Q: 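Got a structure here, written out as structure tokens. Questions coming.
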Amino acid sequence: MLDVAVDAWTEAGLVRLLDRQVRDPGIGQGELIAWLAAVVRHLTGPRAISLATLMRCRFVLARKLKERLAAIRAAERARAYQTCLFAAGARPALSFHAGFAFSDGMFDGVPTYRGAWQFNRHFLGPDRVPAFDGRDDGEEFGCAQALDSLAGVEFWVRNVAGHAHAFWLPTATGRTYPDFVAKLTDGRLLVVEYKGGHLLADATAKRAIGALWQAASEGRGVYTMVERERDGLDMRAQLMAAIG
């Protein structure tokens, strides 16, 4: 019965219905309608699907078209990201005069670490260290202990992923929030990402943008990805090697 036609149904009418379901603020309506019209012509022409079938399944069709638009957007974002930041002719620049800043109360309202360990160099104070991912005595906590123990660190902050005041770097799919940001006694900034075993899949993208940030800083920034152990070095030794 999907193929039973209704006299009032037209391709233009289907396009208008789809436009209301698929409308996207990032796409001009004229451009979207032209694309939807081309889609309908393709489905009724080369794909030989009847207009009646499309009309009766229009909500399913609209959902699939929204998924298709999302896939196109993701692919284009990835292409632009690669071109602007990593292509041979790319010239990324970095400014230390605007953007992220340490400030008292920057993470007020965020759950805090309640363990027994006393951190000495956390910028917001030992009683306002944002809670760690996983257990309070887990591997990320161990990385914080190692960072806090370095004489070359003036102060550091446990960076809160997704927070409005958090430090972030761009990725092709959005943003990455490193676990720690520190100011070194020599004035450099140290950005630390802890890589647990469950995070191997996205480590490559994070390491790439981190290395680019470090290169663009012209010696004023250091990015490092720390593991529980790497090449016989514990977390503290890896941090020391990164900052020299």
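None of the values given here were measured: they were computed from a predicted structure.
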Q: Please report the C-alpha distance between Asp133 and Arg158 in whole Å, then the side-chain angles of each, then the deciding distance to 0.1 Å, and finally whether the side-chain contact (heavy atoms from CB on, under 4.5 Å) criterion is met.
A: CA-CA 11 Å; Asp133 291 339; Arg158 164 74 172 98; 3.5 Å; yes

Q: Is the CZ atom of Arg68 crowded by more than 12 outside heavy atoms at less than 6.0 Å?
A: no

Q: Can you tell me if Asn159 uses its side chain to pair, donor with acceptor, with the backbone of Asp179 under 3.5 Å?
A: no

Q: Measuring from Glu31:CD to Asp24:CG, what's the distance to the nearest 0.5 Å?
A: 10.5 Å

Q: Shortest non-hydrogen contact from Ala90 to Cys84?
A: CB-O, 3.2 Å

Q: Nearest 0.5 Å, what's the CG-CG distance between Leu54 and Leu17?
A: 11.5 Å

Q: What distance do Asp234 atom CG and Cys143 atom SG have between them, rounded to the nearest 0.5 Å?
A: 10.5 Å

Q: State the CZ-CH2 distance between Arg58 and Trp9, to the nearest 0.5 angstrom.
A: 7.0 Å

Q: I want to check something: taking the side chain as every heavy atom from C-beta on, are Val222 and Leu189 in contact at a cut-off of under 4.5 Å?
A: no

Q: Give me the other members of the hydrophobic cluster that Tyr177 sits in, counting Ile, Leu, Val, Met, Phe, Trp and Tyr linked by side-chain heavy atoms under 4.5 Å, directly or via other members.
A: Trp168

Q: Hey, is the main chain of Met106 close enough, under 3.5 Å, to the side chain of His165 for a donor-acceptor pair?
A: yes

Q: Are any side-chain N or O atoms of Arg121 and backbone N or O atoms of Val153, one a donor and one an acceptor, separated by less than 3.5 Å?
A: yes

Q: Using ring centroids (six-membered ring only for Trp), state whether Phe180 and Phe167 fall under 6.0 Å.
A: no

Q: Provide the closest heavy-atom pair for Arg230 versus Gln238 in the form atom of the first, atom of the second, distance.
A: NH1-OE1, 3.2 Å

Q: Indicate yes or no for a side-chain donor-acceptor contact from Thr53 to the backbone of Ile49 under 3.5 Å, with no hydrogens or angles considered.
A: no

Q: What about His122 and Phe155, are their ring centers closer than 6.0 Å?
A: no

Q: Should Val226 and Arg236 count as side-chain neighbours, where that means a heavy-atom distance under 4.5 Å?
A: no

Q: Around atom CZ of Arg228, are there more than 12 heavy atoms from other residues, nucleotides or ligands closer than 6.0 Å?
A: no

Q: Any idea which heavy atoms bring Pro130 and Val110 closest together, and the distance?
A: CB-CG1, 4.1 Å

Q: Give me the atom names and distance for the closest heavy-atom approach of Pro92 to Ala216.
A: O-CB, 4.2 Å

Q: I'd like to check Arg175 versus Pro170 (side-chain heavy atoms, cut-off strictly below 4.5 Å). Are they in contact?
A: no

Q: Tell me the ring-ring contact (aromatic ring centres under 6.0 Å, His included) pairs involving residues 45-90, sequence neighbours left out?
A: Tyr81-Phe86

Q: Can you check whether Leu51's main-chain N or O pairs, donor with acceptor, with Glu11's side chain at less than 3.5 Å?
A: no

Q: Please lay out, stage by stage, how Phe119 and Phe141 fare under the test ring pair (Phe, Tyr, Trp, His ring centres under 6.0 Å).
A: CA-CA 11 Å; Phe119 290 102; Phe141 165 76; 5.8 Å; yes

Q: Is a side-chain donor or acceptor of Ser217 paired with a backbone partner of Gln214 at a separation under 3.5 angstrom?
A: yes

Q: Quick check for you: to the nearest 0.5 Å, what is the distance between Leu169 atom CG and Leu212 atom CG?
A: 9.0 Å

Q: After noting the C-alpha distance and the side-chain angles of Lys183 and Arg188, does the key distance pass the side-chain contact (heavy atoms from CB on, under 4.5 Å) rule?
A: CA-CA 6 Å; Lys183 182 182 178 184; Arg188 291 179 297 165; over 6 Å; no

Q: With a 4.5 Å heavy-atom cut-off, do Leu65 and Trp35 have their side chains touching?
A: yes

Q: As a quick check of understanding, evaluate salt bridge (charged side-chain N to carboxylate O under 4.0 Å, His left out) for Arg73 and Glu76, giving each step before the final call.
A: CA-CA 5 Å; Arg73 181 180 287 107; Glu76 184 62 19; over 6 Å; no

Q: Does the ring center of Tyr223 lie less than 6.0 Å from the ring center of Trp213?
A: no

Q: Which is it for Leu61 and Leu43 under the side-chain contact (heavy atoms from CB on, under 4.5 Å) test, yes or no, and what are the steps along the way?
A: CA-CA 11 Å; Leu61 176 59; Leu43 294 176; 3.9 Å; yes

Q: Any ion pair linking Arg128 and Asp104 (charged N to carboxylate O, less than 4.0 Å)?
A: yes

Q: Let me see the working for Asp148 and Asn120 under side-chain contact (heavy atoms from CB on, under 4.5 Å), right down to the final yes or no.
A: CA-CA 7 Å; Asp148 194 72; Asn120 297 315; 3.9 Å; yes

Q: How close do Leu124 and Gly105 get, heavy atom to heavy atom, and via which atoms?
A: CD2-N, 3.9 Å

Q: Given 3.5 Å as the limit, does a donor-acceptor pair link the side chain of Arg16 with the main chain of Ile33, or not?
A: no

Q: Please tell me whether Leu233 and Leu190 are part of a single hydrophobic cluster in this structure, the criterion being side-chain heavy atoms less than 4.5 Å apart.
A: no

Q: Shortest non-hydrogen contact from Pro178 to Glu193?
A: CA-OE1, 3.3 Å

Q: So, taking the atom named CZ in Arg23 and the one named CG in Leu69, what distance separates them when rounded to the nearest 0.5 Å?
A: 13.5 Å

